[in-house]
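Atom set for the values below is all heavy atoms of this structure, side chains included, hydrogens, waters and symmetry mates excluded.
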Amino acid sequence: MRNELYFRPPVASFFCGCTQALRSSPPRLHASARFVPDGLLRTARGSGIAFVSLLLCLAVSTPAIAQVQLDRFYPPVVSVGSKTTVKAEGKFPKWPVKAIVDRDDIEVTVEKDSGQLSVQLSADAEPGIVWVRLVDETSASKLVPLLIEPTATLEEVEPNQKIAEATSVALPTVVYGRLAKSNEIDTYRVQVKQGQTFVATTFAHRPLGSPMDAVMQLVDEQGNVITQADDDRGIDPQLVYVAEEDRELWVRIFAFPEVPTGTIGYAGSASFVYSIRMTNDAYVDHVLPLVLPANAVASDSTVFGWNLPPKFDLQQRAATDHSPRITQLAASLGWQWQMSLPHDAAVIAETEGDDFATAASLPCVFSGHITTANDVDRLRFKTRASTRYKAELHSRAFDFPLDSQLRVIDVADGSELARNDDVSRGQYDSVVEFTAKDASEFELQVSDLVDGHSARHAYSVVITEVLPAVELSVSEDHFATGKERTVEIPVTIARKHGFDQELTITAEGLPEGINAESVVSQAKGDTSKSVKLKIVADKTASFQGPFRIIARASGEAQKADLSTTYTATHSLREAVTIQSLWLTVPAAKE
């Protein structure tokens with residue numbers, strides 16, 4: 001549907017309207033100048049300024065094709081073995097739409113009413129996450145997550161601002177709600193028993209993308225704060241409380257905006273959607289290693305959490321196009337993403353006390369926790385002469401609080417070869433590179449820069465040889481052709497460790513009638529860092545579907561025993577990158 005807007009106001013208000021429009025919208029050329037009254041056109045010709053204003057105002061009024069826009073789902077969480085009606089929140093100029101999901105065990109049905117979806121999960125569906133994209137004939141939404149839990153879910157019941165109004169919760173469960181207005185507090189009542197460990201974990205900013213910085217409090221019936229949580233999993237809070245007696249307690253949640261403002265007080269909006277896992281039963285906080293080598297098996301993973309049974313069934317869900325591998329315990333709350341390496345590596349765990357672990361060979365993945373003050377975890381390994389190595393730590397990207405520091409020490413003389421505590425500003429995971437001049441033994445030391453420590457100061461370090469490499473990335477997960485039947489996609493190219501090969505960049509997975517005009521990234525110059533890939537569609541072509549952007553290196557890379565094909569990625573979340581992108585080519589109008 002095209003919405004045309006034509007201007008027929010008096011002269012004074014006409015130009016005031018143009019001025020106001022220019023403040024808020026970029027100028028666009030309008031093709032329907034014939035609808036301007038002749039009197040206005042003559043007035044415009046008499047004044048150069050007025051005439052320019054007239055042309056710019058006409059440009060502002062260009063109609064845009066309405067796009068499907070998916071912001072979030074409510075509820076943001078569904079239960080295994082249930083059928084749930086979910087509201088898709090956003091803008092949907094054409095309904096019904098089509099739902100695209102990345103899991104075969106989840107059925108999403110688009111209902112008759114705009115924004116209404118039914119999500120059906122079988123009893124054997126695995127907990128975790130599903131990424132959903134909504135598409136219509138002319139556009140596609142971004143990917144939006146929907147959480148999947150193995151237990152019942154419960155919506156907050158308003159009003160629940162005060163303790164006397166609290167929503168009652170039977171453990172274990174997953175509650176969900178929305179801090180819809182400023183100064184809103186949601187309150188839940190729970191029963192705990194002596195000796196039990198009560199865990200409450202909020203999911204809002206990650207992975208839901210809610211722009212809120214939440215705070216949780218555990219209080220008594222008078223409102224006295226027993227414990228408070230803030231910024232435990234990224235900027236999402238997590239409460240852990242060991243009950244000293246049987247008692248009734250209240251969980252309160254409120255929030256500040258993700259980006260601080262000058263406003264004093266709690267924030268709220270329609271986008272402040274959250275879910276909270278609450279349990280006094282088995283709970284998986286995390287799984288190590290965070291990064292799995294290609295040859296890893298289930299026994300290489302170790303689960304950490306609370307109330308865990310002596311024996312349990314560890315389940316691992318294979319990666320999808322949009323989600324890394326997920327590991328959890330059967331019928332228990334909690335799961336962990338685990339990234340995958342493209343190569344084999346040894347899996348090594350920290351040792352207790354002042355001892356050091358040993359890697360028999362490289363590459364390897366070394367994992368552990370900084371649990372006490374002044375704790376330093378150590379790994380020793382042997383290197384080859386005249387070889388450059390890299391140790392890359394993963395922690396903050398998985399929402400752990402470790403402010404890591406890496407040091408590499410020559411065991412023979414105790415000299416320090418490398419040290420790092422931040423990759424760059426805003427990226428707090430450490431990376432060090434060092435060169436072994438001789439075949440000798442080195443020690444990698446892992447610590448917290450500010451002496452932070454806890455059971456959640458977890459990490460995994462990947463140690464590999466440094467080889468020339470290139471990484472391609474795009475800033476969006478979906479693209480669409482415009483009225484010219486083309487789209488230009490900016491591709492960022494990061495050349496690392498002396499990668500100096502020419503790259504030819506194109507797209508794969510496109511149907512007949514839609515083609516990518518290959519573009520070359522030279523080893524030096526502007527194109528070495530970024531290019532624009534142009535996709536062109538024939539007049540008869542239309543398409544809604546996935547594709548990939550790939551780069552192929554010249555024959556010299558093959559001679560150097562390097563990978564010769566690379567795939568562009570997009571970052572959905574800090575620990576989640578995808579290679580499968582989406583392209584929309586609307587059918588050409590008659």
Side-chain angles (χ1 to χ4, degrees), residues 19-26 67 69-77 87-91 141-145 147 155-156 158-163 165 175-188 200-219 223 225 227-239 250-276 396-401 403 422-429 450 452 475-477 571-576:
T19 304
Q20 182 62 34
L22 289 172
R23 290 172 181 163
S24 58
S25 304
Q67 304 285 312
Q69 176 183 318
L70 177 60
D71 297 328
R72 69 193 69 85
F73 291 112
Y74 193 85
V77 57
K87 176 68 174 177
E89 298 183 348
K91 297 178 181 178
S141 76
K142 66 180 180 180
L143 289 165
V144 172
L147 301 179
E155 184 179 13
E156 63 163 326
E158 293 284 1
N160 60 351
Q161 182 94 355
K162 302 176 182 178
I163 287 178
E165 302 168 337
V175 303
Y176 63 88
R178 190 195 315 257
L179 299 171
K181 57 182 182 295
S182 298
N183 296 315
E184 183 170 355
I185 300 174
D186 287 350
T187 310
Y188 300 90
T201 303
T202 295
F203 288 83
H205 184 253
R206 292 204 213 171
L208 296 178
S210 298
M212 55 187 278
D213 184 357
V215 178
M216 272 198 304
Q217 294 178 336
L218 192 65
V219 304
V225 177
T227 184
Q228 177 171 301
D230 181 21
D231 296 351
D232 300 281
R233 305 177 68 95
I235 62 172
D236 287 337
Q238 176 170 276
L239 284 169
W250 287 260
V251 176
R252 300 195 298 205
I253 182 171
F254 51 90
F256 302 97
E258 174 190 1
V259 179
T261 66
T263 303
I264 298 175
Y266 309 144
S269 83
S271 62
F272 280 28
V273 172
Y274 66 85
S275 75
I276 308 176
R396 282 292 184 97
F398 289 85
D399 297 334
F400 294 104
D403 189 356
D422 292 337
V423 174
S424 60
R425 177 176 293 183
Q427 297 185 26
Y428 301 108
D429 283 338
V450 295
S475 61
E476 303 291 340
D477 65 20
S571 180
L572 280 180
R573 297 292 185 268
E574 194 167 354
V576 183

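Within the structure, the salt bridge (charged side-chain N to carboxylate O under 4.0 Å, His left out) test picks out no pair touching residues 260-271 (sequence neighbours left out). Listed by first then second residue, pairs satisfying salt bridge (charged side-chain N to carboxylate O under 4.0 Å, His left out) with a partner in residues 256-275 number zero, not counting sequence neighbours.
Between Asp403 and Asp422, some side-chain heavy-atom pair lies under the 4.5 Å cut-off. Residues Met216 and Ile276 meet the side-chain proximity criterion, which asks for heavy atoms closer than 4.5 Å. Between Pro75 and Glu155 there is no side-chain heavy-atom pair separated by less than 4.5 Å. Asp230 places a side-chain heavy atom less than 4.5 Å from the side chain of Asp213. Residues Thr202 and Pro237 have side chains in contact (heavy-atom distance under 4.5 Å, counting atoms from C-beta outward). Residues Leu147 and Pro76 have side chains not in contact (no heavy-atom distance under 4.5 Å, counting atoms from C-beta outward).
Interatomic distance, CG of Leu208 versus OH of Tyr74, reported as 11.5 Å (0.5 Å rounding).
Applying the 6.0 Å contact sphere to NZ of Lys87 captures more than 12 heavy atoms from other residues, nucleotides or ligands.
Judged purely by atom type and a 3.5 angstrom limit, Glu156 has no side-chain atom pairing as donor or acceptor with the backbone of Val175. In terms of modelled atom types and a separation under 3.5 Å, the side chain of Thr187 and the main chain of Gln161 share a donor-acceptor contact. The backbone N or O of Ala270 lies less than 3.5 Å from a partner atom in the side chain of Arg178, making a donor-acceptor pair. A distance-only check finds no donor-acceptor pair linking the side chain of Asn160 to the backbone of Glu158 [under 3.5 Å]. Not one N or O on the side chain of Asp477 forms a donor-acceptor pair closer than 3.5 Å with the backbone of Leu572. Checking side-chain atoms of Arg573 against main-chain N and O of Pro207 turns up a donor-acceptor pair under 3.5 Å. With Asp236 contributing its side chain and Phe203 its backbone, the two residues share no donor-acceptor pair below 3.5 Å.
Listed here is the closest heavy atom pair of Asp71 and Gly90: OD2-CA, 3.5 Å. Summarising the geometry of Glu184 relative to Phe254, their closest heavy-atom pair is O-CB, 3.8 Å, with the distance given to 0.1 Å. For the pair Arg72 and Val144, the tightest heavy-atom approach, listed with the atom from each and the gap, is CA-CG1, 4.0 Å. Closest of all the heavy-atom pairs between Thr201 and Arg233 is CG2-CD, 3.4 Å. Closest approach of Ala397 and Arg206 over heavy atoms only: O-NH1, 3.4 Å. Leu179 and Ile253 get closest at one heavy-atom pair: CD2-O, 3.9 Å.
Considering only residues two or more places apart in sequence or on other chains, Ser275 meets the side-chain hydrogen bond (donor to acceptor under 3.5 Å, both in side chains) condition with none of them.
Aromatic pair Phe256/Tyr266: ring centres closer than 6.0 Å.
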**Request:** Any chance you could lay out the side-chain contact (heavy atoms from CB on, under 4.5 Å) test for Val215 and Gln228, step after step, and finish with the verdict?
**Result:** CA-CA 7 Å; Val215 178; Gln228 177 171 301; 3.8 Å; yes
